[in-house]
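This report refers to the structure that appears directly beneath it.
Values reported hereafter were calculated over all heavy atoms of this structure, with side chains retained and with hydrogens, waters and symmetry mates removed.
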Amino acid sequence: MKRASLISCLALVLGMASTPFAAAATLKVGSTPTGVPFTFLDTKTNTIQGVMVDVMAEVAKDAGDTVQIEPLSFSALIPSLTSSKIDVISAAMFATAARKEVIDFTDTVYGYGEALVVGSSDTKDYKSFDDLKGATIGVQVGTAFVEPLKKSGAFAEVKIYDSIQDIMRDVGAGRIKAGFADYPIVAYQIAQGNFPGVRIAPAYTPVVKGEIGIGLRKGEAATLAKFNASIAKMKADGRLAAILKKWGL
């Protein structure tokens, strides 16, 4: 009996040793198709590409995981995460105080403020909201810029758009006076020649400055720590700088 028990225990130990502590996972990652250069739909490959896709790929690789990108509208990202339809948000999303009450964010990947976009023929030297008093302006739904614009009381109307591209299109067509949107996204679009009818107001000082991180559900402390360790490693070994350079940031 003693010999049989010893053999059974040995078999159990060997079996445990052959089993990995944590199996590789496939992470469902929510990203938007309209946030170039952070996340966008590459029509040539019909896949979501960009800064935050590349960052998430490196984080997953460090952990031995794989990534499955789920294209979502910006306003659907947090509800999809909290309802477990996705596992991670990797997009141009500011880690604001209000959002931190609902989800957790990793350490900062990139930081910036909003750009003021006006028509290319509009030569006024805009510096603040006050220079647009009484105007109709546009902003993307769900972004950190919406409430400050509404609360300022400076504008005749704050129109809400589904995408930054729609804002820039309406500014260029003269349907609205100006638009407020993520500076790097606007700058990239203009640099690519996609919207020749608009320009960034160079003297404008951003009101909302924020930092982008990867979003996770509340209570996933171990995953958060693992992601932060990977981001720190990417900053130290130059991988993050290489990704930002690749996308013109």
side-chain hydrogen bond (donor to acceptor under 3.5 Å, both in side chains), that's the test. Do Tyr161 and Asp170 meet it? Break it down for me. CA-CA 10 Å; Tyr161 288 81; Asp170 273 10; 2.7 Å; yes
If every non-hydrogen atom of Pro33 is compared with every non-hydrogen atom of Leu72, which pair is closest and at what distance? CD-O, 3.4 Å
Does Val51 form a side chain to side chain contact (heavy atoms under 4.5 Å, CB included) with Leu244? I'd like the steps, not just the answer. CA-CA 7 Å; Val51 172; Leu244 294 174; 4.0 Å; yes
Arg217 bridged to Asp104 by N-O distance under 4.0 Å: no
Of all heavy-atom pairs linking Ala178 and Leu116, the shortest is CB-CD1, 3.6 Å
At their closest point, which heavy atom of Ile231 faces which heavy atom of Thr108, and how far apart are they? CG2-O, 4.1 Å
Minimum heavy-atom distance between Ile214 and Met52, given as atom pair plus value: CG1-CE, 4.1 Å
Check this for me, if you would: do Asp237 and Arg239 make a salt bridge, where the nitrogen-to-carboxylate-oxygen distance has to be below 4.0 angstrom? yes
Under a 4.5 Å side-chain heavy-atom rule over Ile, Leu, Val, Met, Phe, Trp and Tyr, are Leu216 and Leu77 clustered together? no
Residues Phe38, Trp247; criterion side chain to side chain contact (heavy atoms under 4.5 Å, CB included); working and verdict: CA-CA 8 Å; Phe38 292 103; Trp247 295 105; over 6 Å; no
Co-membership, hydrophobic cluster, residues Phe74 and Val158, 4.5 Å side-chain: no
For the NZ atom on Lys61, are there more than 12 heavy atoms of other groups (residues, nucleotides or ligands in this structure) within a distance under 6.0 Å? no
Quick one: does Ile185's side chain get under 4.5 Å of Tyr188's, heavy atoms only? no
Quick check: closest heavy atoms across Ile212 and Ala91, and the distance to 0.1 Å? CG2-O, 3.4 Å
What is the distance from atom NZ of Lys124 to atom NZ of Lys177, rounded to the nearest 0.5 Å? 7.5 Å
Rounding to 0.5 Å, atoms CD (Glu157) and CG (Leu149) come to a distance of 12.5 Å
With respect to Arg199, which candidate in Val117, Val118, Val186 satisfies the side-chain contact (heavy atoms from CB on, under 4.5 Å) definition? Val118
Is there a donor-acceptor pair closer than 3.5 Å between any side-chain N or O of Lys133 and the backbone N or O of Ala156? no
Pairwise side-chain contact, Asn194 with Met168, heavy-atom cut-off 4.5 Å (strictly under): no
Evaluate the side-chain proximity of Val67 to Lys28: yes if any heavy-atom separation is below 4.5 Å, no if none is. no
Look up atom CG in Asp162 and atom OG1 in Thr34, then write down how far apart they are to the nearest 0.5 Å. 8.5 Å
Check the angle between the aromatic planes of Phe145 and Phe94 and answer parallel, tilted or perpendicular using the 30° and 60° thresholds. perpendicular
Side chains of Val55 and Met234: does their closest heavy-atom pair fall under 4.5 Å? yes
Path from Tyr183 to Val139 over hydrophobic side-chain contacts below 4.5 Å: yes
Side chains of Tyr204 and Glu114, donor plus acceptor under 3.5 Å: yes
With a 4.5 Å cut-off on side-chain heavy atoms, are Lys233 and Asp62 touching? yes
Would you say Ile48 and Pro71 make side-chain contact, with heavy atoms under 4.5 Å? yes
Has Tyr126 got more than 12 heavy atoms of other residues, nucleotides or ligands less than 6.0 Å from its OH? yes
Taking the side chain as every heavy atom from C-beta outward, state whether Ile89 and Ile103 have any atom pair closer than 4.5 Å. yes
Can you name the nearest heavy-atom pair linking Thr47 to Gln49, along with the distance? OG1-NE2, 2.7 Å
Pairs flagged by side-chain hydrogen bond (donor to acceptor under 3.5 Å, both in side chains) wherever residues 78-99 is involved - sequence neighbours left out: none
The reported gap from CD1 in Ile69 to OG1 in Thr39 (rounded to nearest 0.5 angstrom) is 9.0 Å
Evaluate the criterion side chain to side chain contact (heavy atoms under 4.5 Å, CB included) for residue pair Arg169 and Ile167; output intermediate values, then yes/no. CA-CA 5 Å; Arg169 196 172 294 116; Ile167 295 171; over 6 Å; no
Assign the ring pair Phe129 / Phe180 to parallel, tilted or perpendicular, where the plane angle (0 to 90°) is split at 30° and 60°. perpendicular
Do Leu27 and Val59 sit in the same hydrophobic cluster, where Ile, Leu, Val, Met, Phe, Trp and Tyr count as joined when their side-chain heavy atoms come under 4.5 Å apart? yes
Does atom NZ of Lys150 have more than 12 heavy-atom neighbours from other groups under 6.0 Å away? no
OG1 on Thr106 to CE on Met56, rounded to 0.5 Å: 9.0 Å
Just how far is it from atom CD1 of Ile86 to atom OG of Ser31, taken to the nearest 0.5 Å? 8.0 Å
Quick one: does Arg175's side chain get under 4.5 Å of Thr136's, heavy atoms only? no
Could you go through Ile176 and Ile137, starting from their C-alpha distance and side-chain angles, then the distance that decides it, and tell me whether this counts as side chain to side chain contact (heavy atoms under 4.5 Å, CB included)? CA-CA 6 Å; Ile176 57 175; Ile137 57 95; 5.9 Å; no
Common cluster, Ile164/Val141, ILVMFWY with side-chain heavy-atom separation under 4.5 Å: yes
